[in-house]
Amino acid sequence: MSLIVQKYGGTSMGSVERIQNVARRVAKWHAAGHQVVVVPSAMSGETNRLLGLAKELSSQPDTRELDMLASTGEQASSALLAMALMAQGVAARSYTGWQVPVRTDSSYTRARIRSIDDVRIRTDLDAGRVVVVTGFQGVDDEGNITTLGRGGSDTSAVAVAAAMQADECLIFTDVDGVYTTDPRVVPEARRLNVVSFEEMLELASLGSKVLQIRSVEFAGKFKVPVRVLSSLTDPLISLEEEMASGTLITFEEDKKMESAVVSGIAFSRDEAKITLLSVPDTPGVAYSILGPVAAANIDVDTIVQNQSVRGTTDFSFTVNRNDFARALDLLKNQVGPAVGAADIVPDENVCKVSIVGIGMRSHVGVASLMFRTLSEEGINIQMISTSEIKTSVIINDKYMELAVRALHKAFGLDQETPAVI
Ligand code: ADP
Ligand code: ASP
Ligand code: MG
């Protein structure tokens, strides 16, 4: 008997028929003698619908109330799933985040899980029930409902699996695994049987929405075996077939030794760039600019500052588009005048495209092939950032899909045996 945590995303929970299929799949695992905890997302489109309603009432809705609102989507699907299971003769019980409880900090709309109490869940599992734990939500020390950021049900599932020391965490979604890039953008993208934990961490942090970054962090910290697989297959396929499908996140690097230099391409439209022109090139300027930005709880991503010969330099950085208006306001009214910037130039039409692969550690020429490919497409690179296993560029967002397709081809990711440089 194993303890399995299964997460079902929005599309997987998207209609009554799909919820019934989820229940069939869960019932199959339960009937085979396994203990199952299920973490469902809100039905597809529901979170957007709720947040849209809030925006109609206020341009900057109160974040505590946003969490009260957004968390209801998952609560509805949890109750529906428990009902669907019971209708199929499976004993089941659903719990909200605060009933478990899933304790978080108080950062509304982006809360971090601190602990998960497993007592109630274990009692139900031991009584032979399937337990449905509501995804995406938690409760802070004052009893306020919090949510974990968009895509946060992935994190709920992996965190529950970590807390319960589950044997596997299965992330069921609308694709049958992790691909070399988003198959919606590049139809030739190929599914990876395994992806190393480090690569998955980079891909998720650079915009691949298939897993929320925090879920990958939890998987790494607690060594949770995570598999991404499709919820749209026949729910009654054999357990062996199911466990051989999808993409496994592996912690064993040698499994990847034979593989490509670049394993995947990620992209993100959630970027916006701000440039301060002619700021003094003196010690402390970066801090004077980015200190107040950090104090306003705005994450900064890529940063570029040139050296100067005339004593002044231009300073550019990117932020998430959701924070763009706030960041620009802060810079125009406070930071820019304080550091003596000649002007502040906003640019919301940027995106980030990144190539990722642990093979980049041991190969030279990877970044240069990326730059050559983009230049052949006439795409101007505005900013570059690198780490050991990734290179990211900021480019005009109208070229995003072209860049992703061209890079996917240039690195041979559409081939069975990708190019080795
Ligand atoms: P869920 O609602 O199940 O959480 P998401 O929409 O959050 O599903 O994530 C699955 C989607 O992630 C896929 O439909 C796909 O378009 C997108 N995606 C982005 N990058 C990748 C990738 N490298 N591999 C697979 N899917 C990806
Ligand atoms: N429903 C939430 C969202 O749309 C959480 C999730 O689906 O994981 O972001
Ligand atoms: Mg998701």
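Numbering of ligands and ligand atoms starts at 1, following listing order. Along the sequence shown, residues are numbered consecutively beginning with 1. From a predicted model like this one, the values you see are computed outputs, not experimental measurements.
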ask   = Do Val366 and Arg361 have side-chain heavy atoms sitting under 4.5 Å apart?
value = no

key: Between CD1 on residue Ile145 and OG1 on residue Thr134, distance to nearest 0.5 Å   = 10.0 Å

query = Which of the numbered atoms in ligand 1 are below 4.0 angstrom from a heavy atom of Gly177?
reply = 24 (N), 25 (C)

task = Side-chain contact test, heavy atoms from C-beta onward, threshold under 4.5 Å: evaluate it for Val139 versus Arg103 and give yes or no.
result = yes

query = Does Gln212 reach ligand 2, in the sense of a heavy atom lying below 4.0 Å from it?
reply = no

task = Can you figure out which of Ser77, Ser41, Gly135 has its heavy atom closest to atom 7 (O) of ligand 2?
result = Ser41

Ligand-residue contact atoms, ligand 1 with Val178, heavy atoms, under 4.0 Å = 24 (N)

message = Considering non-hydrogen atoms of the protein only, which is the closest contact for atom 23 (N) of ligand 1, and what is the distance?
response = Tyr179 O, 3.0 Å

Atom 15 (C) of ligand 1 [closest protein heavy-atom partner, distance rounded to 0.1 Å] = Asp182 OD1, 3.3 Å

request  = Give the residue, atom name and distance (to 0.1 Å) of the protein heavy atom nearest atom 2 (O) of ligand 1.
outcome  = Gly10 N, 3.0 Å

query = Do any nitrogen or oxygen atoms of Ser12 come within less than 3.5 Å of a nitrogen or oxygen of ligand 1?
reply = no

request  = State the NE2-CG distance between His408 and Asp182, to the nearest 0.5 angstrom.
outcome  = 10.5 Å

ask   = In the protein, what heavy atom is nearest to atom 9 (O) of ligand 1, and what distance, to one decimal place, separates them?
value = Lys209 O, 3.5 Å

request  = Just let me know how Leu203 lines up against ligand 1, side chain, backbone, both or neither, with a heavy-atom cut-off below 4.0 Å.
outcome  = neither

request  = Please indicate whether any nitrogen or oxygen in Asp174 is less than 3.5 Å from any nitrogen or oxygen in ligand 1.
outcome  = yes

ask   = Heavy-atom distance under 4.5 Å between the side chains of Glu199 and Ile249, does that happen here?
value = no

inquiry  = Distance check, rounded to the nearest 0.5 Å: Gln212 atom CD versus Asp154 atom CG?
reply    = 6.5 Å

request  = Among all protein heavy atoms, pick the one closest to atom 3 (C) of ligand 2 and tell me residue, atom and distance.
outcome  = Arg150 NE, 3.4 Å

note = A student comparing Ser215, Gly149, Ser153, Ser156 should find that the heavy atom closest to atom 8 (O) of ligand 2 comes from Ser153

inquiry  = Please confirm whether Gly151 approaches ligand 2 to less than 4.0 Å, judged on its heavy atoms.
reply    = yes

query = Going by an N to O cut-off under 4.0 Å, is there a salt bridge joining Glu242 and Lys28?
reply = yes

query = For ligand 1, which atoms have a heavy atom of Arg184 less than 4.0 angstrom away?
reply = 13 (C), 14 (O), 15 (C), 16 (O)

Cationic N near anionic O, under 4.0 Å, Arg405 to Glu401 = yes

query = So, is Thr180 polar-close to ligand 1, with some N/O to N/O distance under 3.5 Å?
reply = no

Whether Phe197 and Phe251 hold their rings parallel, tilted or perpendicular, with breakpoints at 30° and 60° = tilted

Backbone of Arg190 reached by a side-chain donor or acceptor of Thr180 within 3.5 Å = yes

key: Region of Glu74 engaging ligand 2 - heavy atom pairs below 4.0 Å   = side chain

Short side-chain to backbone donor-acceptor contact, Glu74 and Phe136, under 3.5 Å = no

query = Got a second to check how far Phe317's CZ is from Ile298's CD1, nearest 0.5 Å?
reply = 8.0 Å

request  = Measure the distances from the heavy atoms of Lys7 to every atom of ligand 1 and state whether one is below 4.0 angstrom.
outcome  = yes

note = Looking only at protein heavy atoms, what sits closest to atom 8 (O) of ligand 1 is Thr173 OG1, 3.2 Å

task = Answer with side chain, backbone, both or neither: which part of Val210 has a heavy atom less than 4.0 angstrom from an atom of ligand 1?
result = both

Any non-hydrogen protein atom less than 4.0 Å away from atom 6 (O) of ligand 1 = no

request  = To the nearest 0.5 Å, tell me how far Leu66 CG sits from Gln60 CD.
outcome  = 10.0 Å

task = Before signing off on this row, confirm whether Thr47 and ligand 2 have an N or O atom pair separated by under 3.5 Å.
result = yes

